[in-house]
Number of protein chains: 4
Amino acid sequence: MSINSNSHVPIFRQIAEHIRTGISAGIYQPDEMLPSLRALALELVVNPNTIQRAYEELEREGLVYSRRGLGLFVARQAVRSARSQSQDDVEKAFADGIRLARSAGLPDDEIRHVFSKSLARKMDKTGGKS
Amino acid sequence: MSINSNSHVPIFRQIAEHIRTGISAGIYQPDEMLPSLRALALELVVNPNTIQRAYEELEREGLVYSRRGLGLFVARQAVRSARSQSQDDVEKAFADGIRLARSAGLPDDEIRHVFSKSLARKMDKTGGKS
Amino acid sequence: MSINSNSHVPIFRQIAEHIRTGISAGIYQPDEMLPSLRALALELVVNPNTIQRAYEELEREGLVYSRRGLGLFVARQAVRSARSQSQDDVEKAFADGIRLARSAGLPDDEIRHVFSKSLARKMDKTGGKS
Amino acid sequence: MSINSNSHVPIFRQIAEHIRTGISAGIYQPDEMLPSLRALALELVVNPNTIQRAYEELEREGLVYSRRGLGLFVARQAVRSARSQSQDDVEKAFADGIRLARSAGLPDDEIRHVFSKSLARKMDKTGGKS
DNA sequence: GTGGTCTAGACCACA
DNA sequence: GTGGTCTAGACCACG
């Protein structure tokens, strides 16, 4: 898990997304304990408060539940939620691109072409919008 | 030209995008003068500083050049630049969505499907707080 | 507006509740700007971050919307939301009391009696559960 | 006796409440010995420290007294105390709800209505994360 | 040890 | 000036 502290996307949101992805991909199983605030803070070299904020967001989304004195745990229904949440994010990104393309006057065929080109270009470390 | 002050996209960026689009579409011709800071600020009812910032962004991109005491003018090579710039933005948005989708474990077929769905959904108030 | 920093209810939640109440009661009108983070922080003698957290909660609930560089504003549909939110809180408190009463073996008639007694005793500064 | 470890009510407080209820209902008689720390900890599958904390709370309230080396015993005046303590808690919860309702501008009639609604809704999984 | 809240103070993005 | 994020460090409640 890596953090891009130059991105305009807040660190705590990047962390939340990472964990969301992890749950969605089955790396964290339901009722399994997540890394503790302090542990993860040390690992990612960020302030524990920042981790806390990420976990807060996930708890609000119902993906995890916290037990004070014990730790944070993956919720039962988390996998479904995480997946739909991830898909929403994807759709939002696509919608944004489509909006941009349209306002630049590109016809739908052209837009589809650009997309296919992007999809073909696999795994090329596209970084954040720094 | 309209500004959505509820969007989370900064106003100065919305303005810059509008002008970029205008250049790309031929509404503003090379060596034509752009509206003055004050004029545009009055028209859009925004702070002149905000217009200034938008113009700075365009100047940095080489789309416009300023003549002290005269105003801002569309650069000769602007049309090409504007188009490639727009396309870059589009590609970046798509690449971002694809990255998200892949890290959530979606296969390419599924990604393409999600995209098609987004593309089909035409112009339905996409200006929301993106 | 007063804060009880001895209560077990977090300060930021107390503040959020106060403002929620204010919106519900019409003290803050739709599209009106709320006190700025720093202004309210000075007034209540708490850290701006704490105010920020309260405002964040309200924004999540859809009661207010923020415009960076401008301020926070009351949402249009806020009055309805605030009222239903307040009512939820009330119901939760009552449900809690009823649960306690039942586990102590009080019959419903008796519970109703205790409640009426509480309701009769007006405005007696009952403070938080310090 | 059952513990809801998902509730936001601390476990030690749940235990204390259970015992208080038991005393109030006559399940534990004056001068009768309560289960030992270890026994109860094993039965409820919680940390002995947590039981200890619950017992401390009861001792502070004067409901039980400890005899070094022997165990904890129900105090003579415990039944009365437990009942009044329970009733206090109930009243406090009600007062809290009433305060909230009033500050939101609900008239007393409406408050009474909300309460009746809560009272009617019987025992439907009220153990949620209160 | 765990999570939760708060303060102080800094820096950024935006209008 | 506004809101938003982050760090450092403290203290509390809980198990």
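Convention: sequence-line order gives letters A, B, ...; per-chain numbering from 1. No hydrogens, no waters, no symmetry mates; every other heavy atom, side chains included, goes into these values. These numbers come from a predicted model, not from an experiment.
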Exercise. Quick one: is A:S66 getting a side-chain N or O under 4.0 Å of the E:dG4 phosphate, OP1 or OP2?
Worked result: yes

Exercise. Is the backbone N or O of A:V9 less than 3.5 Å from a side-chain atom of A:Q14, with the two atoms forming a donor-acceptor pair by type?
Worked result: yes

Problem set entry | Under the side-chain hydrogen bond (donor to acceptor under 3.5 Å, both in side chains) test, residues paired with C:R80 that sit two or more places apart | none

Seminar exercise, completed: Rounding to 0.5 Å, atoms CG (A:L63) and CD (A:Q77) come to a distance of 7.5 Å

Problem set entry | Residue C:R68, side-chain heavy atoms: nucleotide from E:dA13, F:dC14, E:dA15 that is nearest | E:dA13

Seminar exercise, completed: Atom OH of C:Y65 and atom P of F:dG4 are separated, to the nearest Å, by 13 Å

Problem set entry | Whole angstrom value for the distance that separates P of E:dG4 from CD1 of C:I11 | 17 Å

Exercise. Does a side-chain heavy-atom distance below 4.5 Å link D:E17 with C:L100?
Worked result: yes

Seminar exercise, completed: Heavy-atom nearest nucleotide on DNA chain F taken for C:G71 and for A:P10; more 5' hit belongs to C:G71

Exercise. Using 4.0 Å as the upper bound for N to carboxylate O, is an ion pair formed by B:D96 and B:R99?
Worked result: yes

Seminar exercise, completed: Separation of E:dC11 atom P from A:N6 atom CG, nearest Å, is 17 Å

Seminar exercise, completed: Between NE2 of C:H8 and P of E:dT5 the distance, given in whole Å, is 13 Å

Exercise. Checking C:S86 side chain against C:A82 main chain: does a donor-acceptor pair fall under 3.5 Å?
Worked result: yes

Problem set entry | Side chain of C:R13 - closest among F:dG3, F:dC14, E:dT5 | E:dT5

For this session: Would you mind reading off the distance between C:Q52 atom CD and E:dC12 atom P, rounded to a whole angstrom?
Result: 18 Å

Problem set entry | For A:R38, side chain to side chain contact (heavy atoms under 4.5 Å, CB included) partners two or more places apart | A:S36

For this session: Report the distance from atom CG of A:L58 to atom P of E:dG3, rounded to the nearest whole Å.
Result: 13 Å

For this session: Respond yes when some side-chain nitrogen or oxygen of D:R53 is under 4.0 Å from OP1 or OP2 of F:dC14, and no when none is.
Result: yes

Exercise. Atom CD1 of B:I3 and atom P of E:dC14: how far apart are they, to the nearest Å?
Worked result: 14 Å

Problem set entry | Those residues that, when tested against A:D31, pass side-chain hydrogen bond (donor to acceptor under 3.5 Å, both in side chains) (two or more places apart) | A:Y65, A:R76

Problem set entry | Those residues that, when tested against D:E59, pass side chain to side chain contact (heavy atoms under 4.5 Å, CB included) (two or more places apart) | D:V64, D:S66

For this session: Using heavy atoms and a sub-4.0 Å distance, could you list which residues of residues 31-51 of chain C are near DNA chain E? By number, please.
Result: C:V46, C:N47, C:N49, C:T50

For this session: Both distances under 3.5 Å, Watson-Crick or G-U wobble: on that basis, could you give the dot-bracket string for DNA chain F, with [ ] for crossing pairs and | for other-strand partners?
Result: ||||||||||||||.

For this session: To the nearest Å, give me how far apart CD (C:Q14) and C1' (E:dT5) are.
Result: 12 Å

For this session: Between C:L72 and A:L70, name the one whose nearest nucleotide on DNA chain F is closer to the 5' end.
Result: C:L72

